[in-house]
Amino acid sequence: MQTKQTHLFSIYVALLYVSMFLNFFSYPILWYLLIALSPLIFLACNQRLKFKKNIYLLIFYICLSTFFIIASALIQNREINLSVLNIISILSSLLNGYLLSQQKIKLKIIATPIILFILFSFFIIIKGTDPNFVFTQSSRNTFSWLAIFGSSLFYICQLKKGINCKISIWPACCGFIISVWSLGRSGIISSGIILVGIIMYKLKNHKVKAILFFFLMVLFFLLSYHLFKPQIEFIVKVTMRFTYEDINNNPRIEIAGNYMKNIASMKGILLGAKLSTINYMEQWSFNLHNSFLNFHSFMGIGSIILIMLIIIGIIRKAFRSILLGFIGIALLLRISTDTGAFVGPMDFLLFYFLFSEMLFYKTSNVPRC
């Protein structure tokens, strides 16, 4: 029975990753179907899970989210259909985040769509296609989004094994390469954080390996200088993305500042702001380019409570595995420059940090890692 539950949830999670990919091609039907199925998946997989503390937490998070989204929608006079979608999306992700913290996972099933995305990305890279013209509903930043969420999912599932905590490095390496190619600042930094976390994780308690790795990295960069000489313009282009002038002129800073001005009241802080009433946002197609601000816009102070609890959860899990801390930081950084989180298929990775992990924490043969 447990094996069937494991396979069922693993296939479901793999399909969630596929649905995120399809969403960027304007095909959200799979995501909507998976949202509708989430209560059934929860009931099917939760039959033998008896970690009641997390059940009570789940109920609290569901009530908190529903109350603030409804309150914000009613008082701000928001569109009913969009508010309903926000509610069921958040509730579905909370259920999935809970199950991810409790349910066993078949890593091979999870890895399949991630590997396919990596192969797709490398095909685009080799073909020389401009990453801005691949996805119909988004820019080049989508590649780093998919790479970071994919590698984070892979490592969270791999850490659930516990035994010897053997970790693969290829998802982090491939994710970093894809993020550098797509040129997004937060994507490069976030994927770099995961890669550094993997390296630190693998080299802990191995001083000789650490020294050898250091010399290999020096050799790699020396060789790369000559290998990448013909592509020096690309390297300069990546570097310029991190210059003071480029960062200082980033419209995201101005957008965030304008949003903060529009919620500078008790009502705004408690209930968020209706973006369609902010004239300044029209030039940006009412896109805040920040998942935290977007979350607050339709959930108000309830979003701040959940985000703070997620941060606390990341810190708590980091004490058990430093790699989970790196993954949590990378996810938070990546979603701070785009609005795909808290309204998408992979939000359960963030809500995963809200729950204690019975399998990871309670199994006696699981070492600190």
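These numbers come from the heavy atoms of this one structure, side chains and all, not from hydrogens, waters or symmetry mates.
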Review item, side-chain donor-acceptor pairs of residues 26-45, under 3.5 Å, at least two apart:
| unit_1 | atom_1 | unit_2 | atom_2 | d |
| --- | --- | --- | --- | --- |
| S26 | OG | T136 | OG1 | 3.3 |
| S26 | OG | Q137 | NE2 | 3.1 |
| S38 | OG | I35 | O | 2.6 |
| S38 | OG | S92 | OG | 3.2 |

ILVMFWY network linking F319 to F353, side-chain heavy atoms under 4.5 angstrom: yes
Spacing of F292 atom CZ and S336 atom OG [to the nearest 0.5 Å]: 6.0 Å
CG-CD1 distance between L64 and I69, expressed to the nearest 0.5 angstrom: 9.0 Å
Shared hydrophobic cluster, I177 / I169 (ILVMFWY, side-chain heavy atoms < 4.5 Å): yes
Within-4.5 Å side-chain heavy-atom neighbours: L354 and L57: no
F295/F298 under ring-ring contact (aromatic ring centres under 6.0 Å, His included): CA gap, chis, key distance, verdict: CA-CA 6 Å; F295 196 20; F298 67 82; 5.6 Å; yes
Test item: S151 side-chain N/O and I148 main-chain N/O as donor-acceptor pair under 3.5 Å: yes
Within-4.5 Å side-chain heavy-atom neighbours: L288 and M281: yes
Donor-acceptor contact below 3.5 Å, side chain Q158 vs main chain L107: no
NZ (K106) with more than 12 external heavy atoms under 6.0 Å: no
Within one Ile-Leu-Val-Met-Phe-Trp-Tyr cluster: F21 and F133, side-chain cutoff 4.5 Å: no
Sidechain-backbone polar pair: K267 side chain, A273 backbone, donor-acceptor under 3.5 Å: no
Donor-acceptor pair, side chain of S93 and main chain of I90, under 3.5 angstrom: no
Side chain proximity check, S168 to F154, heavy atoms < 4.5 angstrom: yes
Test ring-ring contact (aromatic ring centres under 6.0 Å, His included) applied to F326 - qualifying residues, sequence neighbours left out: none
Residue pairs involving residues 10-19 (criterion side chain to side chain donor-acceptor pair (under 3.5 Å); sequence neighbours excluded): none
Side-chain (Y98) to main-chain (F351) donor-acceptor, under 3.5 angstrom: no
Main-chain N/O of F355 paired with K317 side-chain donor or acceptor, under 3.5 Å: yes
Least distance between heavy atoms, M346 atom then L153 atom: CE-CD2, 3.9 Å
Steps toward side chain to side chain donor-acceptor pair (under 3.5 Å) verdict (T337, S186): CA-CA 7 Å; T337 58; S186 65; 2.7 Å; yes
Verdict with supporting geometry, I115 and W170, side-chain contact (heavy atoms from CB on, under 4.5 Å): CA-CA 10 Å; I115 292 172; W170 62 264; 3.6 Å; yes
Heavy-atom side-chain contact between I188 and S144 under 4.5 Å: no
Side chain Y201, main chain S321, donor-acceptor under 3.5 Å: no
Derivation of the side-chain contact (heavy atoms from CB on, under 4.5 Å) call for Q103 and Q5: CA-CA 8 Å; Q103 182 66 51; Q5 292 174 340; 4.0 Å; yes
Considering all heavy atoms, the nearest C157-I105 contact: SG-CG2, 3.6 Å
Donor-acceptor contact below 3.5 Å, side chain S291 vs main chain I335: yes
Shortest non-hydrogen contact from S65 toward L94: OG-CD1, 3.9 Å
Closest approach of F135 to L146 (non-hydrogen atoms, all atoms of both residues): CZ-CD1, 3.8 Å
Y280 and Y259 aromatic centres sub-6.0 Å: no
From CA spacing to verdict: side-chain contact (heavy atoms from CB on, under 4.5 Å), F149, L331: CA-CA 7 Å; F149 272 85; L331 287 173; 4.0 Å; yes
Residues 302-311 side chain polar contacts: donor-acceptor under 3.5 Å, at least two apart:
| unit_1 | atom_1 | unit_2 | atom_2 | d |
| --- | --- | --- | --- | --- |
| S303 | OG | G300 | O | 2.6 |

Minimum-distance pair of heavy atoms, taken over all atoms of I255 and N287: CD1-O, 4.1 Å
Straight-line distance of T142 OG1 to I178 CD1, nearest 0.5 Å: 12.5 Å
Salt bridge (charged side-chain N to carboxylate O under 4.0 Å, His left out) partners for D338, two or more places apart: R252, R334
Sub-6.0 Å ring centroid separation between F348 and Y352: no
Donor-acceptor pairs are to be reported for all side-chain atoms of residues 117-132 against protein atoms at under 3.5 Å, with residues two or more places apart or in another chain.
| unit_1 | atom_1 | unit_2 | atom_2 | d |
| --- | --- | --- | --- | --- |
| S121 | OG | F117 | O | 3.0 |
| D130 | OD1 | N132 | N | 2.9 |
| N132 | OD1 | R140 | N | 3.2 |

L293 with L82, same ILVMFWY side-chain cluster at under 4.5 Å: no
Between CG on residue L95 and CD1 on residue I62, distance to nearest 0.5 Å: 5.0 Å
Within the 6.0 Å centroid threshold, strictly below: W181 and F176: no
Steps toward side-chain contact (heavy atoms from CB on, under 4.5 Å) verdict (V13, N96): CA-CA 8 Å; V13 171; N96 296 334; over 6 Å; no
Distance (rounded to the nearest 0.5 Å) between I327 CD1 and L159 CG: 6.0 Å
For the student: nearest non-hydrogen atoms of N141 and G184, plus distance: OD1-CA, 3.5 Å
Cluster link L85 to I87, ILVMFWY, side chain under 4.5 Å: no
Point-to-point distance, once rounded to the nearest 0.5 Å, from CG of N294 to CG of L275: 6.5 Å
